[in-house]
Amino acid sequence: METQQQLQQQMRSALQSCIDGHKDELLSLSLDIWSRPELAFNETQAHDRLVRFFSQEETWTVESHYMLPTAFRTSWGPVGAGTGEAGTGEVLNVGFLCEYDALPGIGHACGHNLIAETGAAAALGLKAALLERHTDLPQPVKITVLGTPAEESTGGKIDLIKAGAFADVDLVFMAHPAQQDASFLPCVAMDEVSVKYHGKASHASAYPWEGVNALDAAVLAYNNLSALRQQLKPEWRLHGIITHGGVKPNIIPAYTELEFYMRTPLVKDLCDLKAKAEACFRAAAVATGCQVEIIYPSTAYYNILPNATLANLYENNGKALGIQFQEQPANFSGSTDFGNVSFVIPGIHPFFYIGTDAFNHTEEYTEAAGAEKAQLFTLRTAKALAMTAVDVVCCPVLLRQVREDFSRAKLKQEKSLEGSDTALKALQIQ
C-alpha cells in the first residue's frame with residue numbers, strides 16, 4: 001500500500017518538473033518587470049504582464065484590477081474529493097503573493113521582480129503537484145495568486161486586507177530576495193509620519209522680526225530627534241528627511257515639511273516610539289511659534305508573526321534542494337506589509353539569496369535582480385515554497401499545527417498590548 005511519503009514525493013517531483021519546464025517563460029516574466037520599473041500604485045505594465053502570464057491557460061480564472069487599480073487575483077481549482085482524514089469537504093485555499101513595485105531612481109533594487117516570479121512559479125508548481133494526485137487529497141484544494149502593489153510605499157496588502165481580499169484564503173506564501181537564505185527573519189513594525197510646520201513669510205533681511213520661521217521649526221525637530229536617538233533602544237530605528245525647506249533664501253519660510261520612518265520589533269514598542277517622536281515635533285513648534293500638523297498617511301506595517309511549523313517545513317524542503325540556511329541574525333530592521341497579513345492568516349515569508357552580497361536598495365542589487373545568475377536561486381525558492389504547500393495540503397495534522405502556531409503567536413502579541421488602547425485599536429484591521 002502506498003504511503004503518504006510516497007504520495008508527497010510524487011507530487012514534489014511533478015512540481016519541480018513543472019517549474020523547470022516553465023523556466024524560460026518565468027525568466028521572461030521577471031525580466032519584463034525588471035526592465036520597466038514602476039513605482040507604487042503605478043505598476044500598470046507589471047500588472048498587465050502578470051495577468052497575461054496567467055491568462056495563457058484557460059484553467060486559471062483571472063481578475064485584473066482586483067480591488068486596487070494595479071492589483072490582480074487569479075485562481076485555480078478546487079480539486080480533490082475531500083474524503084481523507086479531514087473529511088469535511090471544505091476547500092483549502094492556498095495563496096501565493098506577488099510584489100512588483102520598484103524604488104525611485106534605482107528600479108528593482110529590492111528584487112520585487114523576483115518576488116513576482118517566485119509567486120507565479122510556486123503557484124504553477126503546486127497546480128502540477130495537485131493534478132498529479134488530486135484524488136488522494138484529504139480535502140479539496142484551491143490555489144489563489146494575489147498581485148499586491150505598493151509594498152515600498154503605503155502597503156497594498158493592507159488595502160487588500162481591508163477590502164476583504166484575504167477573507168477566503170487559508171494559507172499564504174511568498175519569498176523575498178536578501179543576502180542569505182532564511183526561513184524567517186524578524187521583520188519589524190514600521191510607521192511613517194509626515195510633519196508640516198506653518199509659519200509666516202517675511203523678508204529675511206529687511207524685516208525678519210515680522211516672520212515666523214518654519215524652517216527653524218523643521219531644523220529643531222530634526223535635531224530633537226537626533227538627540228532622542230541616544231536614548232532609544234538599540235533595535236529601534238528613527239530616520240527621515242526634510243522634504244520641503246522653503247522657496248528662496250531671502251524669504252523666511254512660511255511652510256516646511258519632514259517625512260520620517262519609525263521602526264521597532266513589536267507594534268507595542270512602535271506606539272511608545274511614536275509618542276516620543278511627537279513630543280519632539282511639538283517642542284519645535286512651541287520654540288518657534290509655528291503651527292504643526294502631524295499626519296500618519298497610512299496604516300503601520302506590523303512585525304511578521306512567526307510560524308514554526310511552516311518555517312521548519314520550508315527549511316527541510318529547502319535543504320533537500322541544496323539551500324544552505326545560515327544562522328539567523330539577532331536583529332533585522334527591514335519592514336514589510338506582509339507583517340499585517342501574518343496577523344490575519346497563517347503564512348510564511350522566507351528570504352532567499354540571489355547570488356550577490358550586495359545590499360538591498362542599492363544599484364548593485366538592482367543589477368543582481370536582473371541577472372540570469374539569480375534564476376537558479378529564485379526557482380529553487382519557488383520549488384521549496386510549493387513543496388511546503390504540498391506538505392500541508394497532504395497532511396491535516398500539519399495543517400492543524402500551522403493554525404495552532406498562528407493562534408498562539410497572535411494571542412501572544414495581543415497580550416503584550418494589554419493596557420495600550422492605541423496599539424490594540426491598531427490591530428483591528430479586519
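Under 3.5 Å, the side chains of Gln375 and Glu117 contain a donor-acceptor pair of N or O atoms. Looking only at atom types and distance, the side chain of Gln45 has no donor-acceptor partner in the side chain of Asp32 under 3.5 Å away. Between the side chains of Glu257 and Tyr255, at least one donor N or O sits under 3.5 Å from an acceptor N or O. Under the 3.5 Å distance criterion, with hydrogens and angles disregarded, no donor-acceptor pair is assigned to the side chains of Thr264 and Lys233. Side chains of Ser183 and Glu315: a donor on one and an acceptor on the other come within 3.5 Å.
Note: Phe351 and His176 have tilted aromatic rings, judged against thresholds of 30 and 60 degrees for the angle between ring planes.
Contact record, Thr118 with Ala175: CG2-CB, 4.2 Å, taken as the closest heavy-atom pair. Smallest separation of non-hydrogen atoms from Ile158 and Ala300: CD1-O, 3.8 Å. Shown here for Cys394 and Leu7, the closest heavy-atom pair between the two residues is SG-CD2, 4.4 Å.
Contact of the Tyr296 side chain with the Glu192 side chain is not registered, since no non-hydrogen atoms from C-beta on lie closer than 4.5 Å. Residues Gln56 and Glu25 meet the side-chain proximity criterion, which asks for heavy atoms closer than 4.5 Å. At a threshold of 4.5 Å between non-hydrogen side-chain atoms, the residues Tyr301 and Glu151 count as touching. Between Thr148 and Cys98, the closest side-chain pair of non-hydrogen atoms is not below 4.5 Å. Between Arg380 and Asp181, some side-chain heavy-atom pair lies under the 4.5 Å cut-off. Side-chain atoms of Val390 and Leu126, non-hydrogen and from C-beta on, do get closer than 4.5 Å to each other. By the 4.5 Å heavy-atom criterion applied to side chains, Leu379 and Lys23 are counted as neighbours.
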CA sep, side-chain torsions, deciding dist, call: Leu131, Lys127, side chain to side chain contact (heavy atoms under 4.5 Å, CB included): CA-CA 6 Å; Leu131 286 174; Lys127 175 187 171 184; 4.1 Å; yes
Stepwise side chain to side chain contact (heavy atoms under 4.5 Å, CB included) test for Leu411 and Arg408: CA-CA 5 Å; Leu411 180 61; Arg408 279 194 298 268; 5.8 Å; no
Steps toward side chain to side chain donor-acceptor pair (under 3.5 Å) verdict (Arg52, Ser64): CA-CA 10 Å; Arg52 288 198 306 273; Ser64 59; over 6 Å; no
From CA spacing to verdict: ring-ring contact (aromatic ring centres under 6.0 Å, His included), Tyr66, Phe72: CA-CA 5 Å; Tyr66 180 73; Phe72 74 89; 9.2 Å; no
Pair Asn303-Gln413, side chain to side chain contact (heavy atoms under 4.5 Å, CB included): steps then yes or no: CA-CA 10 Å; Asn303 50 286; Gln413 287 284 311; 3.4 Å; yes
Side chain to side chain contact (heavy atoms under 4.5 Å, CB included) between Asp101 and Leu39, worked out: CA-CA 5 Å; Asp101 61 322; Leu39 303 184; over 6 Å; no
Thr336/Lys157 under side chain to side chain donor-acceptor pair (under 3.5 Å): CA gap, chis, key distance, verdict: CA-CA 9 Å; Thr336 171; Lys157 295 181 191 65; 4.8 Å; no
Side chain to side chain donor-acceptor pair (under 3.5 Å) assessment of Asn360 paired with Gln179: CA-CA 8 Å; Asn360 297 58; Gln179 288 71 52; 2.6 Å; yes
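For Glu278 and Arg282, the salt-bridge test passes: some basic side-chain N is under 4.0 Å from an acidic carboxylate O. Ion pair Arg12/Asp391 flagged as a salt bridge, since at least one NZ, NE, NH1 or NH2 atom sits closer than 4.0 Å to an Asp/Glu carboxylate oxygen. Salt-bridge annotation for Asp136 and Arg133: present, with a side-chain N of the basic residue lying under 4.0 Å from a carboxylate O of the acidic one. A salt bridge is defined here as a Lys NZ or Arg NE, NH1 or NH2 lying under 4.0 Å from an Asp or Glu carboxylate O, and Arg263 with Asp191 fails to meet this definition. Remark: Asp168 engages Arg73 in a salt bridge, criterion side-chain N to carboxylate O under 4.0 Å. Ion pairing of Arg403 with Asp170 is present here, as a side-chain N (NZ or NE/NH1/NH2) and a carboxylate O approach within less than 4.0 Å.
Side chain of Asn317 to main chain of Leu385: no donor-acceptor pair is present (N/O by atom type, distance under 3.5 Å, no hydrogens or angles). The main-chain N or O of Ala214 is found under 3.5 Å from a side-chain atom of Thr256 such that the two form a donor-acceptor pair.
Screening Tyr314, Phe96, Phe338 against Phe173 for a ring-ring contact (aromatic ring centres under 6.0 Å, His included) leaves a single residue, Phe96. The only member of Leu137, Val393, Val169, Ile143 that meets side-chain contact (heavy atoms from CB on, under 4.5 Å) when paired with Leu92 is Val393.
Note: Tyr100 and His112 fail the aromatic proximity criterion, with ring centroids not under 6.0 Å apart.
With a 6.0 Å radius and a threshold of 12 heavy atoms from other residues, nucleotides or ligands, Gln180 has its CD atom above the threshold. Atom CD of Glu58 sits in a sparse spot, with 12 or fewer heavy atoms from other residues, nucleotides or ligands closer than 6.0 Å.
Checked against ring pair (Phe, Tyr, Trp, His ring centres under 6.0 Å), Phe352 has no partners two or more places apart in sequence or in another chain.
To the nearest 0.5 Å, atoms CD1 (Ile161) and OG1 (Thr299) are separated by 9.0 Å.
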